[in-house]
Amino acid sequence: MKQKNWFKILPILLLFSFILSCTPQQNISKPVIENQIRGILDLPTIEYIYREIIYVGHEARFLGIKHLDKRLLFAIDLVINAGIDLTKGIEIKNLIDGSIQIILPEPEILAIDADESTIYQYFVKEWGDKVSHLDYYDEILKTKNSVKKDAIERGILLKAKENTENMILKIFSAYGFTNVSFKWGGTVSAR
Amino acid sequence: MPGKSRGKLKNKILIIFIIIFLLLLSITIANYFIPGFGLKLPFIYNTKSSHSEIILKEIHKISNLSTVEYIYKSVFPFDFIDTNTNWKKLLSKKSKNEYLTELQQDELWIYNQCKSIGINLEYDIYDFVVITSIVKAGFNLEDKITSHDIVVEGKNITLKIPNTIITKFTIEDPDSANYKYPDLDVNPQQWKQITNFVEKKIRIKVLEDGILKNAEIRGQDFIKSILLESGWENVIFIQ
């Protein structure tokens with residue numbers, strides 16, 4: 001009779017010890033790991049440096065006679081950063097299947113800075129009109145927008161997303177968690 | 001007799017069950033309480049390794065994440081000539097077969113190339129071609145970080161990190177949708193010759209502009225940030 005009871009209990013004990021040994025063994029504090037994620041994401045996850053060439057050319061003729069020929073060519077360096085805007089909040093969720101889901105805002109362009117100390121003028125031609133100081137700034141502003149568009153087309157946001165996921169996975173792998181998924185806006189990408 | 005042998009069999013099974021149970025239990029307890037125990041069984045979810053140790057193992061992969069990317073536009077011929085060059089003097093030297101420095105030979109090559117596309121450098125010129133290069137720099141991942149490159153003293157860590165190198169260099173072919181400058185009549189052969197020449201010069205130029213230093217600073221910031229968040233209190237880099 002005693003033996004029969006043992007036979008009933010043993011499989012349960014075996015199952016219990018199996019589950020116990022399969023469970024991740026380090027307790028993880030959400031605020032701590034959230035702070036760690038915030039710490040590493042404080043740095044922009046990707047940066048492109050542009051040496052941009054800006055050209056301004058205006059030519060006008062009246063009755064076939066040229067009365068305006070304004071040309072300007074100069075170079076300027078711009079730095080563009082992309083990453084996660086942490087003010088939009090991050091969230092860590094424990095899912096029912098034991099995995100972890102990290103909810104993050106979509107990566108975005110965080111800054112575009114034009115370094116005016118790098119302006120190098122190749123030539124200026126002022127026939128019929130002067131190139132003003134404001135002409136430079138108008139063109140630099142337009143260039144900032146075109147650089148933003150170009151960086152997005154080159155995949156800066158996708159790269160920022162990829163880098164963010166990899167950095168966070170490093171933190172979680174250190175805690176022994178490999179089953180981590182990411183939710184960006186509405187889509188969940190499992191890793 | 002059959003009853004006896006059945007009883008013996010049950011006893012044997014019972015003993016096997018108990019042994020397996022005790023084995024699993026002891027492994028579980030050992031994994032919890034003995035640092036570095038690390039006994040691996042196929043079904044064991046073995047996570048008891050040091051947080052920092054794993055981060056160190058990952059440094060090589062982390063360093064792969066950090067790159068600096070330049071989208072570098074240059075203007076041909078302006079970026080590759082000295083505005084003070086006396087072309088007449090240079091041409092005269094050439095015609096007399098006098099010695100020309102490497103720089104003078106390059107300038108002469110540019111002069112002839114420009115002439116072939118209708119630009120005469122002896123006058124004020126407003127014609128040009130913009131060439132876009134993509135230059136990436138990052139850690140040289142062939143220099144693996146080994147245990148000899150890491151010195152740990154308490155919560156302080158000293159790391160010898162790989163050198164930074166240019167990891168990618170390409171010259172983009174322009175397309176009419178993205179080329180926002182006046183067009184110039186350059187045939188494919190001339191374009192190839194110009195870009196081949198320019199590539200060598202831009203590699204030197206971006207190095208002078210500090211692309212490698214920039215990649216090194218960015219890479220160090222990146223690794224430091226992850227290590228500090230992993231519990232290290234002081235991170236020192238050595239070359």
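Chain identifiers are assigned alphabetically (A, B, ...) following the order of the sequence lines, protein sequences preceding nucleic acid strands; residue numbering begins at 1 within each chain.
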* **Cation-pi geometry met for B:Lys180 and A:Tyr55 (6.0 Å, 45°)** => no
* Contacting region of B:Ser74 [heavy-atom separation from chain A under 4.5 Å] -> both
* Between B:Tyr111 and B:Glu122, do the side chains contain an N or O donor and an N or O acceptor separated by less than 3.5 Å? -> yes
* Asked: Side chain, backbone, both or neither: which part of A:Phe123 has a heavy atom under 4.5 Å from chain B?
  -> side chain
* Contacting moiety of A:Tyr122, where chain B heavy atoms sit under 4.5 Å -> side chain
* To do: Check whether A:Leu78 gets within reach of chain B through its side chain, its backbone, both or neither, counting any heavy atom under 4.5 Å.
  => neither
* To do: State yes or no: are the ring centers of A:Tyr136 and A:Phe74 separated by less than 6.0 Å?
  => yes
* Structure fact -> Bottom line for B:Ile211: the part with an atom under 4.5 Å from chain A's heavy atoms is neither
* Check: B:Glu107/B:Thr85 side-chain N/O donor and acceptor closer than 3.5 Å -> yes
* Plane angle bin for B:Tyr72 and B:Tyr70 - parallel if under 30°, tilted between 30 and 60°, otherwise perpendicular -> parallel
* Can you say whether B:Asp209 sits under 4.5 Å from chain A via the side chain, the backbone, both, or neither, judging by heavy atoms? -> neither
* Any idea which of A:Ile49, A:Asp77, A:Val79, A:Val147 has the most non-hydrogen atom pairs under 4.5 angstrom with chain B? -> A:Ile49
* To do: Would you check if B:Lys201 and B:Asp106 make a side-chain contact, meaning some heavy-atom pair closer than 4.5 Å?
  => yes
